[in-house]
Amino acid sequence: MATTQIVLPGDIIPATQLPTSQKRKIGRGLKQDAATHEYMATVGGLLEIDFRRKAAQVSTPSARYVPKPGDLVIAQVRGSSVDFFHVHINAHSPPAVLPQLAFEGATKKTRPNLKPNDLVYAKVVSAQKNMEVELSCVNPSTGKAEPDGLGPLTGGGMVFDVSPGLAERLIKKIAVVALDDLGARLPGGFEIAVGCNGKVWVECAEAGVRGTCAVGRCLREMDELELTEKDQRKLVNRIIADFERG
């Protein structure tokens with residue numbers, strides 16, 4: 001069962017209104033008071049509570065993305081200097097830099113040769129006011145690209161724009177069943193990388209451009225419409241039927 005209600009910044013949401021499981025996922029826009037254990041909305045939007053998935057968050061579909069440490073983003077290379085790649089996150093974010101050695105196993109001889117317009121899947125390391133955002137393609141705690149799959153996005157993939165709200169739901173797998181269903185039914189499935197900055201990279205190695213566009217259509221309709229899980233499965237059925245008709 002899932003419920004939604006409109007909340008404003010500062011609204012109190014009793015803890016009893018949210019899923020009680022220790023494995024629950026409390027997402028964006030909710031902050032717990034350590035003394036009262038109640039939750040407060042930190043942004044305005046739709047409070048989405050999914051008891052079956054034990055998840056809750058405040059969805060703000062039209063909000064602008066603001067980088068913060070720990071975020072996964074898809075960035076586009078704009079140029080390079082001696083030590084950095086200069087990358088673009090989105091139109092509303094400050095300039096960002098990606099150290100040329102911030103890749104798994106990178107040395108001065110083995111660092112990737114990224115060119116303008118190349119894409120990277122990276123993590124925000126620092127984001128301070130009036131300063132460039134710094135990214136990395138390794139997890140600071142492990143020095144590895146995994147488990148997030150950080151690094152250059154190569155191949156014949158395409159990038160689709162979605163709202164930050166949907167991007168967060170995709171990353172946290174909150175009330176989004178359509179992509180799993182679609183991946184199970186498209187020939188060969190697909191690879192996907194989701195950025196908090198509202199960018200989704202998709203590649204269908206076997207189904208090709210038609211398969212990639214099918215995933216893009218799924219993302220668009222999920223973003224534009226408030227689809228229940230039942231409606232998402234109906235959407236996948238329509239997309240697969242159109243794909244099979246060619």
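Because only heavy atoms are used, hydrogens play no part in the values below, and waters and symmetry mates are left out as well, while side chains stay in. Since the model is a prediction, treat every value here as computed from it, not as a measurement.
- Ile12 approaches Glu38 most closely through the heavy-atom pair CG2-CB, 4.0 Å.
- Ser163 contributes no side-chain N or O that, together with a main-chain N or O of Asp223, makes up a donor-acceptor pair within less than 3.5 Å.
- Following chains of ILVMFWY side-chain contacts shorter than 4.5 Å, one cannot reach Val125 starting from Val77, and the two form parts of different hydrophobic clusters.
- Under the side chain to side chain donor-acceptor pair (under 3.5 Å) criterion, Thr36 pairs with no residue at all, not counting sequence neighbours.
- Atom CZ in Phe103 sits 5.0 Å away from atom CG in Leu114 (nearest 0.5 Å).
- When side chains are defined from C-beta on, Asn90 does not count as touching Asp161, because their heavy atoms never get closer than 4.5 Å.
- In plain terms, the two heavy atoms of Val7 and Ala41 that are nearest each other are CG2-CB, 4.0 Å.
- Glu104 contributes no side-chain N or O that, together with a main-chain N or O of Lys144, makes up a donor-acceptor pair within less than 3.5 Å.
- Residues Phe85 and Val138 do not share a hydrophobic cluster, defined by chaining ILVMFWY side chains whose heavy atoms lie under 4.5 Å apart.
- Between the CD atom in Glu203 and the CZ atom in Phe190 there is a gap of 12.0 Å [rounded to 0.5 Å].
- Note on Ile89: it does not cluster hydrophobically with Met131, by side-chain heavy-atom contacts below 4.5 Å among ILVMFWY residues.
- The side chain to side chain donor-acceptor pair (under 3.5 Å) check on Asp148 picks up Lys123, with sequence neighbours excluded.
- Through direct or relayed side-chain contacts under 4.5 Å between Ile, Leu, Val, Met, Phe, Trp and Tyr, Trp201 connects to Leu72, Ile74, Leu119, Tyr121, Leu150, Leu153, Val159.
- Closest non-hydrogen pair, Arg24 versus Leu18, comes out as NH1-CB, 4.3 Å.
- Considering every non-hydrogen atom in both Gly188 and Glu206, the closest pair reads CA-OE1, 3.4 Å.
- Counting only heavy atoms from C-beta outward, the side chains of Lys25 and Lys54 never approach each other to under 4.5 Å.
- Side-chain contact between Ile239 and Glu221: absent, with no pair of heavy atoms (C-beta onward) separated by less than 4.5 Å.
- To the nearest 0.5 Å, atom CZ of residue Arg111 and atom CD of residue Gln100 are 4.5 Å apart.
- Residues Asn139 and Pro147 are in side-chain contact: their nearest non-hydrogen atoms beyond the backbone lie under 4.5 Å apart.
- For the pair Ile6 and Leu47, the minimum side-chain heavy-atom distance is 4.5 Å or more.
- Taking hydrophobic clusters as Ile, Leu, Val, Met, Phe, Trp and Tyr residues chained together by side-chain heavy-atom distances below 4.5 Å, Phe51 shares a cluster with Tyr39.
- Using a 4.5 Å heavy-atom cutoff, the side chains of Gln76 and Lys199 are not in contact.
- One finds the NE2 atom of His86 at 13.0 Å from the CZ atom of Arg78 (value rounded to the nearest 0.5 Å).
- Nearest heavy atoms, Ala167 versus Val194: O-CG1, 3.6 Å.
- Under the 4.5 Å side-chain heavy-atom criterion for ILVMFWY residues, no single connected hydrophobic cluster contains both Val66 and Val97.
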Discussion item. What verdict does the side-chain contact (heavy atoms from CB on, under 4.5 Å) test give for Val73 and Val87, after you've listed the backbone C-alpha separation in whole Å, the side-chain angles of each residue and the deciding distance to 0.1 Å?
Written reply: CA-CA 11 Å; Val73 296; Val87 300; over 6 Å; no
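- No side-chain heavy atom of Cys218 sits under 4.5 Å from any side-chain heavy atom of Gln232.
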Item to complete: Run the numbers on Leu235 and Met222 for side-chain contact (heavy atoms from CB on, under 4.5 Å), then give the verdict.
Response: CA-CA 9 Å; Leu235 170 62; Met222 287 175 63; 4.2 Å; yes
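- Between Asp118 and Lys115 there is no salt bridge, since no side-chain N of the basic residue sits under 4.0 Å from a carboxylate O of the acidic one.
- The structure places CG of Leu101 at 7.5 Å from NZ of Lys108, a figure rounded to the nearest 0.5 Å.
- Interatomic distance, SG of Cys204 versus CG of Leu182, reported as 7.5 Å (0.5 Å rounding).
- Minimum heavy-atom separation, Pro69 to Ser126: CG-CA, 4.4 Å.
- Asn237 is listed as a side-chain neighbour of Arg185, based on a closest heavy-atom distance under 4.5 Å.
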